[in-house]
Structure formats: structure tokens, C-alpha cells
A.B. asks: 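Structure in C-alpha cells, see below.
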Protein chains: 2
Amino acid sequence: METPVKEKARICPDAGRPANCDVCEVRANSICSDLGPREFVQVEKTMSRRHVAKNKALMVEGEPNDSLYVVVDGCFRLSKMLEDGRRQVTGFLFKGDFAGVRATEASAYTAEALNDGLVCYFPHSFLDEIAIDAPGVKDRLIRHGQTEYHKAQDHIVLLGKKNAEERVVSFIAMINERIGFDDGNGARRVPLPMPRQDIADYLGLRLETLSRTLTSLRESGRLLDVTRHSVTVPAA
Amino acid sequence: METPVKEKARICPDAGRPANCDVCEVRANSICSDLGPREFVQVEKTMSRRHVAKNKALMVEGEPNDSLYVVVDGCFRLSKMLEDGRRQVTGFLFKGDFAGVRATEASAYTAEALNDGLVCYFPHSFLDEIAIDAPGVKDRLIRHGQTEYHKAQDHIVLLGKKNAEERVVSFIAMINERIGFDDGNGARRVPLPMPRQDIADYLGLRLETLSRTLTSLRESGRLLDVTRHSVTVPAA
DNA sequence: CGAGTATTTGAAGATCATCAACTGTCGTGG
DNA sequence: CCACGACAGTTGATGATCTTCAAATACTCG
């Protein structure tokens, strides 16, 4: 039901210096876009970019966190645990997303790698410093916080009001918007980098219900194909 | 199932000038606590404090919003609608809470008064201005955004993983923390300023299920009393 | 190729939703 | 002041959806 591995990823090897920033494909969407050349001199000293192995955690619920993480490559799962071990997946991170917006003594959720990934670490002490010269950084954090909040509200509506089929359809649509692509035949291929259990835990359904719902969507033609790691939906 | 009244409350009469701020009971928890005497000169010109009648909306989902609202008195309901009219209540605001953290062309949710209340309106244009001199304002907005996000995540866990009884118990505990008080007999009285339907729409349950669950909690002694506008829980 | 894991499928059961009727409460007006 | 009407909340009976438990099948990695 849940992944026991909660080992922190801090000890991963360094994976390149900010010289990379110039060619970073997620930079435009990220905190970094608010930094000028002068700030990048500082970034060079403080930021680190690291490989994160599958199942390693960036942050663990209840443990302190002092960095902001920007996903350069890979996918991450955000989750919270109930005392009795029930797990709720609260979101997924893809390229360009970030987590850990504030330094804290007790993280509100756990962020774990769904596969091997690449992440930039920005210590908050450093961010506070550069925010003095680059006020856009704080504006971006406010905006980001709003966006996350609104996504959470959509999730609340999904869990509070939608039935199993609607939940699955909404989920696929969401992933499609984020990382779907045209297959050769005028349909959209939607990768599912996470196991069924994670999707079920996101949707507030049991694994079996999710599986049955996917099958029924395929049989009714609303999904053209269902495989372990992707689904195909008719073009919109 | 839903309240049709979505009339905006803008036209309500003015209810006092910032001279009131000196004695404002929610000031310590609010944006205003980050403002110095110099900023208050500006506040005096731009902020307005208004009575908001029961069922009037501060913000309406999908419509533009340009102010931050601080609840001085009264309770508010935050909600989102699905296209087919199903309504999900996403939260409640009490004294000192605020809504409308960013100016937007399309509000993500509706905020409506559960009873007659009193609200301070801060135009965002003004907030941006004073944030230049009072950087604490932005930090507070970031922090607030985080807090709201974490509350939303708790709501997600509630809807995704808890059964009806757990949901109701969690809800009562939450309201208790916020506005519960000791009754004379060593128990806690928890006001429920919102109708059952709003609670049900918050908890992702049907009205009838909520009612049955409250009854069963009372019969099992986990609630000492259940009335329309409050419940009583044994001291923690 | 084979072991272990992930996913699907099946059958039975529980929880919550639905439909319907009843009761309690509040405000208004005779 | 009480009666009435309207609305809010509770209770009952039945049913649908989703869960649970169980087993079979498909996939992945060494």
C-alpha cells in the first residue's frame, strides 16, 4: 500500500553547476526566471543540482526542510500519511514544478521520486538573501502558492463530489494537459509514470476500483488504449 | 442545495474608518500587523471596512477580484461549483481570516457570508504599493498561502481517506480549535454557524448521512449534545 | 527463464446515497 | 400570545457504488 523507503536524497552526487542554467529547459517556468545576471553569481555558489534516485525523498512529512526544490527532470509524488498508515497522495510534480516553498521545522508532506530524476536545490537562507535585490522572487512564490492552492481546491472538488469514473477521467485530463503528447494517429498519449496504487491514492479510490474503471472506459471507447505506463485518449 | 443569492456586497454602507484599527481585535493576526504608522496613513485613504449582509458574496467564482478581504466579524463560506450545479464547500472563514490573496480576472471560488458580518477591503493596487516599504506584507502573504495550502491538503486527506464518522469528528475538532469555548461544565461547546447542508458539502457527504452520523455520535456518547447551531464535546 | 511484483478480474458485502415521510424550529401575522 | 407556514433537520427503507477478499494473469528484472 505504501513505499517504506523514506530515505532522504541529500547524499546524492552533485550533478552539475549553474553553468547549466543557461541551457536549462525548465528555467523559464521557474524561480530562476526572476534572477538577473548578478543573482546568478550567487546562485553559482549556493544552488546545487542533484540526481535523485527512484523512491528517494526530497522532503519527508514531519521532518525539517530548508530548501526549495525545482524539478529539472523526473516525476515526484507528494503524499501525506494518516496515523494509522493510510496514505493520501496529494499531487504529482513534473518538469518545472517545485516544492518546499518555505523553510519549516516540519514539512506538511512527503515528496518522493517516481523515477530517477534531476533536481535543483535552493537553500531558503539564500533565497531570502537574493529576494532583497530581486523582489520578483517573492511575487513568484506568492503566485505559486496561489496556483497550488487552486489545484488543491480542484482536488477537493474531485474527491468531494465526483464518482469513480469522473475522477479517473479528470485525472487523465490533468495529466494530459501536463505531459500528454500527440501520438502519430491524431490521438493523445498520456504517460502514467506512477503505479496504479499512487493514482488510486490520489483519487481516493481502491486500486481495484481504479482498474475496473480504466477497463470500463476502454470498453466504452472513451479510452483507446490502456497500458501499464500510459493511456491513449481520442483527440479533444 | 445551494444558495442562489450571489449578489456582490460592494454596495454595502461604509462601516468605519481605520481609526478603528487601533482597537481592532483581529489586527494582530492579520496583514495589518505588518504595517507601521507610516503605512497606516495610507491605509486610512484606501482601506474600507464594510458591513456584509448574510448571503452576500465577497467574491464570486469566475468573476474578477481586486481586493484582499479581512474578516473582522462574522463567518463566511468558500465554495466551488461543478458545471452541473454540484457544489463543494472548500472552507470557512472566521474572525481574522482573509481571502482574495491575489488580484485576478477570475476568482477560483465564491466567498459568501453565513451571517451578517464586518469585513475590511484592501485593494491590491494599494497593497502592492505599501509592500515596497513594508516587505513583511509579502512574507505574510507567502506564509498565509502556505497555511491555506496545508489546510487544503488536510481537507484532501479527509475526503480521500476518511469515512463518514471520521470526517464529522475531524470537522468538529477543526471548528472547536477555531471557535470552540468551554461551557460551564468542563466540556467544549462548538458553534456551528453554518447549516447542515454546508457542512455536508464540505465533508463530501449527503445531508442525511451527516445527520445520521451526528445522531450516532451523540448516542455513543462521543458528543454530549447536538443542536442546530452547536455541538458539545467532552473535554479533550 | 523464473521469481516477485503489478495489474486485472470475480464474487460478496459494507457504506453511503436516494427517495420519502416525519418532526422540530423560527418568524410572522392574526 | 398563539397559530400557522416555511424551512431545516431527522429518521426510515431500499438500492447503488465502491470496498473487500480472493485468485488469476501480465509484466519486469536479474
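Proteins come first, then strands; the chains are lettered A, B, ... in the order of their sequence lines, and each starts at number 1. Model, not experiment: these values are computed from the prediction.
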A.B. asks: Please step through ring pair (Phe, Tyr, Trp, His ring centres under 6.0 Å) for the pair B:F76 and B:F92, ending with a clear verdict.
C.D. replies: CA-CA 5 Å; B:F76 288 79; B:F92 297 99; over 10 Å; no

A.B. asks: Would A:D198 and A:R87 pass as an ion pair if we require N to O under 4.0 Å?
C.D. replies: yes

A.B. asks: Please list, chain by chain and in numerical order, all residues satisfying ring pair (Phe, Tyr, Trp, His ring centres under 6.0 Å) with A:F98, sequence neighbours excluded.
C.D. replies: A:H144

A.B. asks: Answer yes when A:E25 and A:K95 have at least one side-chain N-carboxylate O distance shorter than 4.0 Å, and no when they do not.
C.D. replies: yes

A.B. asks: Without swapping roles, check the side chain of A:Q146 against the backbone of B:G145 for a donor-acceptor pair under 3.5 Å.
C.D. replies: no

A.B. asks: Could you list where the contact with chain A starts and ends along DNA chain D, reading 5' to 3', using a 4.0 Å heavy-atom cut-off?
C.D. replies: D:dC18 to D:dT28

A.B. asks: Could you tell me whether a side-chain N or O of B:K80 sits under 3.5 Å from a main-chain N or O of B:E61, the two making a donor and an acceptor?
C.D. replies: no

A.B. asks: Roughly what angle, to 10°, lies between the helix axis at the start of the helix from C:dC1-D:dG30 to C:dG30-D:dC1 and the one at its end, five pairs per end?
C.D. replies: 40°

A.B. asks: Mind checking whether A:E112 and A:S79 have side chains closer than 4.5 Å, heavy atoms only?
C.D. replies: yes

A.B. asks: Give me each pair satisfying salt bridge (charged side-chain N to carboxylate O under 4.0 Å, His left out) with a member in residues 183-192 of chain A, each pair once, sequence neighbours excluded.
C.D. replies: A:D182-A:R188, A:R189-A:D225

A.B. asks: Are A:R102 and A:T104 linked by a side-chain donor-acceptor pair shorter than 3.5 Å?
C.D. replies: no

A.B. asks: So which of A:T215, A:L217, A:L223 actually passes side-chain contact (heavy atoms from CB on, under 4.5 Å) with A:E219?
C.D. replies: A:T215

A.B. asks: Between B:S170 and B:K162, is there a side-chain donor-acceptor contact under 3.5 Å, judged purely by atom types and distance?
C.D. replies: yes

A.B. asks: Does a donor on one side chain and an acceptor on the other come within less than 3.5 Å for A:E63 and A:S107?
C.D. replies: no

A.B. asks: Please list, in numerical order, the residues of residues 162-176 of chain A that have a heavy atom closer than 4.0 Å to any atom of DNA chain D.
C.D. replies: A:N163, A:A164

A.B. asks: So which one's nearest nucleotide on DNA chain C is more toward 5', A:R228 or A:T215?
C.D. replies: A:R228

A.B. asks: A:Y121 ring centre to A:R50 NZ or CZ under 6.0 Å, with the angle to the axis within 45°?
C.D. replies: yes

A.B. asks: Distance under 4.0 Å to a non-hydrogen atom of chain A counts as contact; along DNA chain C, which nucleotides mark the start and end?
C.D. replies: C:dA6 to C:dA11

A.B. asks: Answer with base, sugar-phosphate or nothing: what part of the nucleic acid does A:L214 contact at a heavy-atom distance below 4.0 Å?
C.D. replies: nothing

